[in-house]
Chemist: 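Next up is a structure, given as structure tokens.
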Amino acid sequence: VSQSRYQLMGTGMKISQKAHSQYEAEKVIDNRFKYILELIAMKIDLVNNSSVQCNESAIASVSEFALKKMGIHQESELGIRFVNEDEMSQLHVKWMDLTGPTDVLSFPMDELKPNSAANGPGVIGDIVLCPAYAERNGKQSLAKELELLIVHGLLHLLGFDHEDIEDEKKMFALQEEILNEWRLLV
């Protein structure tokens, strides 16, 4: 058994797996490319209007991964915006009737549910993130905090909430599962 390592050019995705033959190694690469091609169709409109430097490609990648895992049609649309604290405060008051900024707000559109890919594509909704606020309140690096927040926001778009303790346990466990699986791929 030989250890085979491949770097998929242009994707940042590493494949590391024991392969018994060259054929098996090529099969692993082929499956990963198929997965990448499935992700390409997802339409994610991402805009950084904040003054904080963010890894937009990681946010798009974890979003695509989460939506695929949740069974959302690959041609569905998602909007992601990074904003400053002033704009987030305005949105927080307008939509939640709460003062001050917050780290993430989610605005569902077509109210898509998990495992609804067979129903065709839809407009998932918009997620607004405030990196400056997240940076101060996170217990980890800003990059990891934003990855967590985008998955959290996506789950809200798909109907998950954490109003009671049981729903919170389910949502937060799913959030961690998605992040852990995605981080193994990148």
Chemist: I need the Q175 CD to I150 CD1 distance, nearest 0.5 Å.
Modeler: 11.5 Å
Chemist: What distance separates N48 CG from N55 CG, expressed to the nearest 0.5 Å?
Modeler: 11.0 Å
Chemist: Same cluster or not: are V186 and V151 linked, directly or through other Ile, Leu, Val, Met, Phe, Trp or Tyr residues, by side-chain heavy atoms under 4.5 angstrom apart?
Modeler: yes
Chemist: Can you tell me how far CG of L179 sits from CG of L148, rounded to the nearest 0.5 angstrom?
Modeler: 5.5 Å
Chemist: Go through the steps for F160 and M70 under the test side chain to side chain contact (heavy atoms under 4.5 Å, CB included), then give the verdict.
Modeler: CA-CA 12 Å; F160 290 86; M70 295 306 297; 3.7 Å; yes
Chemist: Of the non-hydrogen atoms in A134 and L146, which two are nearest, and what is the gap between them?
Modeler: CB-CD2, 4.2 Å
Chemist: I'd like to check I178 versus L154 (side-chain heavy atoms, cut-off strictly below 4.5 Å). Are they in contact?
Modeler: no
Chemist: Taking everything shown except D97 itself, do over 12 heavy atoms lie less than 6.0 Å from its CG?
Modeler: no
Chemist: Give every donor-acceptor pair under 3.5 Å between a side-chain atom in residues 82-89 and any protein atom, sequence neighbours left out.
Modeler:
| unit_1 | atom_1 | unit_2 | atom_2 | d |
| --- | --- | --- | --- | --- |
| N84 | OD1 | D86 | N | 3.2 |
| N84 | OD1 | E87 | N | 2.8 |
| E85 | OE1 | R136 | NH1 | 3.1 |
| E85 | OE1 | R136 | NH2 | 2.8 |
| E85 | OE2 | R136 | NH1 | 2.9 |
| E87 | OE1 | R81 | NH2 | 3.2 |
| E87 | OE2 | R81 | NH1 | 3.4 |
| E87 | OE2 | R81 | NH2 | 2.2 |
| S89 | OG | E85 | O | 2.9 |

Chemist: Sequence neighbours left out, cut at 3.5 Å: what donor-acceptor pairs do the side chains of residues 102-120 make with other protein atoms?
Modeler:
| unit_1 | atom_1 | unit_2 | atom_2 | d |
| --- | --- | --- | --- | --- |
| S106 | OG | G153 | O | 3.0 |
| D110 | OD2 | V123 | N | 2.6 |
| S116 | OG | K113 | O | 2.7 |

Chemist: Excluding sequence neighbours, so at least two apart, what forms side-chain hydrogen bond (donor to acceptor under 3.5 Å, both in side chains) with Q140?
Modeler: E145
Chemist: What's the spacing between S63 OG and L157 CG if we round to 0.5 Å?
Modeler: 9.5 Å
Chemist: Applying side chain to side chain contact (heavy atoms under 4.5 Å, CB included), run through I59 and C54 and close with a yes or a no.
Modeler: CA-CA 9 Å; I59 296 302; C54 302; 5.7 Å; no
Chemist: Write down the atom of S76, the atom of I124, and the distance for their closest heavy-atom approach.
Modeler: CB-CD1, 3.7 Å
Chemist: Do L184 and N180 have side-chain heavy atoms sitting under 4.5 Å apart?
Modeler: no
Chemist: Is there a continuous path of hydrophobic side-chain contacts, each under 4.5 Å between heavy atoms, that joins V47 to Y133?
Modeler: no
Chemist: Linking I/L/V/M/F/W/Y whenever their side-chain heavy atoms sit closer than 4.5 Å, directly or via other members, would V128 and L142 fall into one cluster?
Modeler: no
Chemist: Could you work out the complete set of other residues in the hydrophobic cluster of V93, with links drawn between I, L, V, M, F, W and Y side chains under 4.5 Å apart?
Modeler: none
Chemist: Kindly determine whether L78 and I72 satisfy side chain to side chain contact (heavy atoms under 4.5 Å, CB included), including the steps that lead there.
Modeler: CA-CA 11 Å; L78 172 68; I72 302 303; over 6 Å; no
Chemist: Could you pull out all residues at least two apart from H156 that satisfy ring-ring contact (aromatic ring centres under 6.0 Å, His included)?
Modeler: H152, H162
Chemist: Where is the tightest heavy-atom contact between S61 and W182, given as atom of each residue plus distance?
Modeler: OG-NE1, 2.8 Å
Chemist: Rounded to the nearest 0.5 Å, how far does CE of M42 lie from CZ of F65?
Modeler: 12.0 Å
Chemist: I'd like to know if the side chain of D167 and the backbone of M171 have a donor-acceptor N/O pair within less than 3.5 Å.
Modeler: no
Chemist: To the nearest 0.5 Å, tell me how far K94 NZ sits from M96 CE.
Modeler: 14.5 Å
Chemist: With sequence neighbours excluded, give me every salt bridge (charged side-chain N to carboxylate O under 4.0 Å, His left out) pair touching residues 170-186.
Modeler: K69-E177, K69-E181, E147-R183
